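Below: one structure, written as structure tokens.
Numbers restart at 1 for each chain; the letters A, B, ... are given by sequence-line order, proteins then strands. Keep in mind that this is a model prediction, so the values were computed, not measured.
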Number of protein chains: 2
Amino acid sequence: MNITRAWEILKNSGYKKTDKRELILNMFDESEKYLTARDLLTVLKKDYPGMSFDTIYRNLTTFVELGILEETELNGEKNFRMQCESEHHHHHFICMDCGNVKEIPVCPMEMMSEKLPDYTIESHKFEIYGKCPNCQ
Amino acid sequence: MNITRAWEILKNSGYKKTDKRELILNMFDESEKYLTARDLLTVLKKDYPGMSFDTIYRNLTTFVELGILEETELNGEKNFRMQCESEHHHHHFICMDCGNVKEIPVCPMEMMSEKLPDYTIESHKFEIYGKCPNCQ
DNA sequence: ATGTAAATCGTAATGATTATGAATTAGAAA
DNA sequence: TTTCTAATTCATAATCATTACGATTTACAT
């Protein structure tokens with residue numbers, strides 16, 4: 001997902017272009033990692049000391065709903081990241097040191113439906129945590 | 001995991017037998033589902049109105065450390081459940097209606113190491129959510 | 001029976017997230 | 001360009017789960 005596409009989605013959905021949204025999207029554009037609401041707030045308070053929780057959280061929720069960001073739970077905190085470009089369904093390896101993310105080219109869900117007849121699968125979570133090559 | 005085994009572990013690790021611990025363990029023994037700290041507190045307050053957060057949380061942490069309970073994050077809350085007997089590594093299907101849990105007899109991690117050379121895998125999460133046959 | 005470390009109680013602190021009401025602003029329409 | 005209105009933001013408070021703490025009580029080894 002790039003910024004241009006993100007604004008496209010926002011505009012099409014009737015959302016306005018504000019400088020707060022711009023700052024938030026830029027932070028995600030420049031980071032490979034998952035970020036928390038606090039991460040954003042700390043950085044953005046420097047330029048906009050008035051920046052409030054509400055603005056951050058409300059926009060994060062909107063962005064996730066629109067498919068601009070993806071969300072996962074890490075250490076009891078919500079973490080956000082630019083939604084991946086790749087059109088194919090995939091999962092993530094998350095480095096516990098640097099926080100960077102690598103796509104895993106396999107989805108274990110393929111074989112699951114046949115292993116669980118009579119069960120309706122609504123969603124799933126498959127994440128691997130560890131150290132990436134740079135952080136060994 | 002049965003209660004006898006749980007007390008064995010506790011005793012071997014130098015923990016004392018208290019009635020609060022007994023109540024907590026009994027609740028898990030009688031439930032197939034994941035329970036939250038709040039679930040426990042609400043029930044236990046009936047018999048022991050003085051039961052405090054501290055007691056619940058402290059014991060939950062201890063039980064997880066000792067491998068008596070297992071823990072997972074569900075809707076931003078910590079959820080706990082008696083550690084499974086099965087000696088083989090496995091994962092869970094969790095019913096979003098009744099909360100019951102079914103073991104999945106496959107682990108997608110087997111094929112992962114070869115797909116991620118140079119990455120050190122420290123942990124992973126593979127959970128499937130949906131509706132079990134009873135709750136269709 | 002006694003001493004002591006462990007456990008509990010009651011309550012307060014923390015930290016993330018959500019909610020609210022008033023003030024401001026973006027962007028469409030006149 | 002000016003005006004209008006819904007969207008957005010600000011400032012702050014409320015909520016909810018979890019953790020922490022000092023004082024008191026308890027389990028159990030000796």
Side-chain angles (χ1 to χ4, degrees), chain A residues 6-27 34-66 68-81 99, chain B residues 6-27 34-66 68-81 99:
Chain A
W7 282 121
E8 222 173 278
I9 296 175
L10 281 165
K11 185 153 204 175
N12 290 345
S13 313
Y15 289 94
K16 295 178 177 172
K17 180 166 188 166
T18 70
D19 39 356
K20 307 300 147 51
R21 287 215 235 270
E22 194 153 23
L23 286 170
I24 296 175
L25 285 176
N26 280 339
M27 273 198 67
Y34 277 98
L35 302 175
T36 65
R38 183 155 303 277
D39 290 336
L40 293 165
L41 197 63
T42 343
V43 172
L44 300 184
K45 276 242 177 183
K46 287 175 191 164
D47 292 339
Y48 288 72
M51 177 76 74
S52 87
F53 290 107
D54 186 63
T55 306
I56 300 281
Y57 279 109
R58 186 171 22 70
N59 281 311
L60 288 178
T61 309
T62 306
F63 293 162
V64 170
E65 278 167 3
L66 295 177
I68 293 171
L69 296 182
E70 53 188 292
E71 177 187 345
T72 194
E73 192 100 23
L74 233 51
N75 308 319
E77 273 179 275
K78 290 188 182 176
N79 281 250
F80 303 86
R81 182 173 185 279
Chain B
W7 283 120
E8 222 173 278
I9 296 174
L10 281 165
K11 183 152 204 175
N12 290 346
S13 313
Y15 289 94
K16 295 178 177 174
K17 180 166 189 166
T18 71
D19 40 355
K20 305 301 147 51
R21 287 215 235 269
E22 193 153 24
L23 287 170
I24 295 174
L25 285 176
N26 280 340
M27 273 198 66
Y34 277 99
L35 302 174
T36 65
R38 184 154 303 275
D39 290 336
L40 293 165
L41 197 63
T42 338
V43 172
L44 299 185
K45 276 243 176 183
K46 287 174 190 165
D47 293 339
Y48 288 73
M51 178 76 72
S52 87
F53 290 106
D54 187 61
T55 306
I56 300 280
Y57 279 108
R58 186 170 24 69
N59 281 311
L60 288 177
T61 309
T62 305
F63 293 162
V64 170
E65 278 168 2
L66 295 177
I68 294 171
L69 296 183
E70 52 189 292
E71 177 185 346
T72 195
E73 191 101 21
L74 233 49
N75 308 317
E77 274 179 275
K78 290 188 181 176
N79 281 249
F80 303 86
R81 182 173 186 278

message: Measuring from the side chain of B:Arg21 (C-beta onward, heavy atoms only), which nucleotide among C:dA7, D:dC10, D:dT19 has the closest atom?
response: C:dA7
message: If you only use heavy atoms from C-beta on, which nucleotide in D:dA6, C:dA19, C:dC9 is closest to the side chain of B:Thr55?
response: C:dC9
message: Could you tell me how far apart A:Arg58 (CZ) and C:dT25 (C1') are, to the nearest whole angstrom?
response: 13 Å
- prompt: For B:Tyr15 and C:dT4, what is the distance between atoms OH and P respectively, to the nearest whole Å?
  reply: 22 Å
field: Within 6.0 Å of CG in B:Asn75, more than 12 heavy atoms from elsewhere
entry: no
- prompt: Between A:Asn59 and A:Thr62, do the side chains contain an N or O donor and an N or O acceptor separated by less than 3.5 Å?
  reply: no
- request: Give the rounded distance in Å between these two atoms: CG of A:Asp39 and P of C:dG15.
  value: 15 Å
statement: Whole-Å distance, A:Tyr48 OH to D:dA11 P, equals 13 Å
- request: Any chance you could lay out the side-chain contact (heavy atoms from CB on, under 4.5 Å) test for B:Ile68 and B:Leu10, step after step, and finish with the verdict?
  value: CA-CA 9 Å; B:Ile68 294 171; B:Leu10 281 165; 3.9 Å; yes
field: Whole angstrom value for the distance that separates C1' of C:dA7 from CD1 of B:Ile24
entry: 11 Å
- prompt: Should the heavy atoms of other residues, nucleotides or ligands under 6.0 Å from NZ of B:Lys11 be counted, would the total exceed 12?
  reply: no
- prompt: Can you tell me how far P of C:dT8 sits from CG of B:Leu40, to the nearest Å?
  reply: 13 Å
field: Distance in angstrom units between B:Ile56 CD1 and C:dG10 C1', rounded
entry: 14 Å
- request: Give the nucleotide from the list D:dT18, D:dC10, D:dC28 with an atom nearest to the side chain of B:Phe53.
  value: D:dT18
- request: Could you tell me whether B:Lys20 contacts a base, only the sugar-phosphate backbone, or nothing, with contacts defined as non-hydrogen atoms closer than 4.0 Å?
  value: sugar-phosphate
- prompt: Atom CG of B:Leu41 to atom P of C:dT8: distance rounded to whole Å?
  reply: 13 Å
query: D:dA27, C:dG10, D:dT18: which one has an atom nearest the side-chain heavy atoms of B:Lys78?
result: D:dT18
field: Candidate nucleotides C:dT20, C:dG27, D:dT18, ranked by approach to the side chain of B:Ala37 - the nearest
entry: D:dT18
message: Under 4.0 Å, heavy atoms only, any strand: does B:Thr18 hit a base, just the sugar-phosphate, or nothing?
response: sugar-phosphate
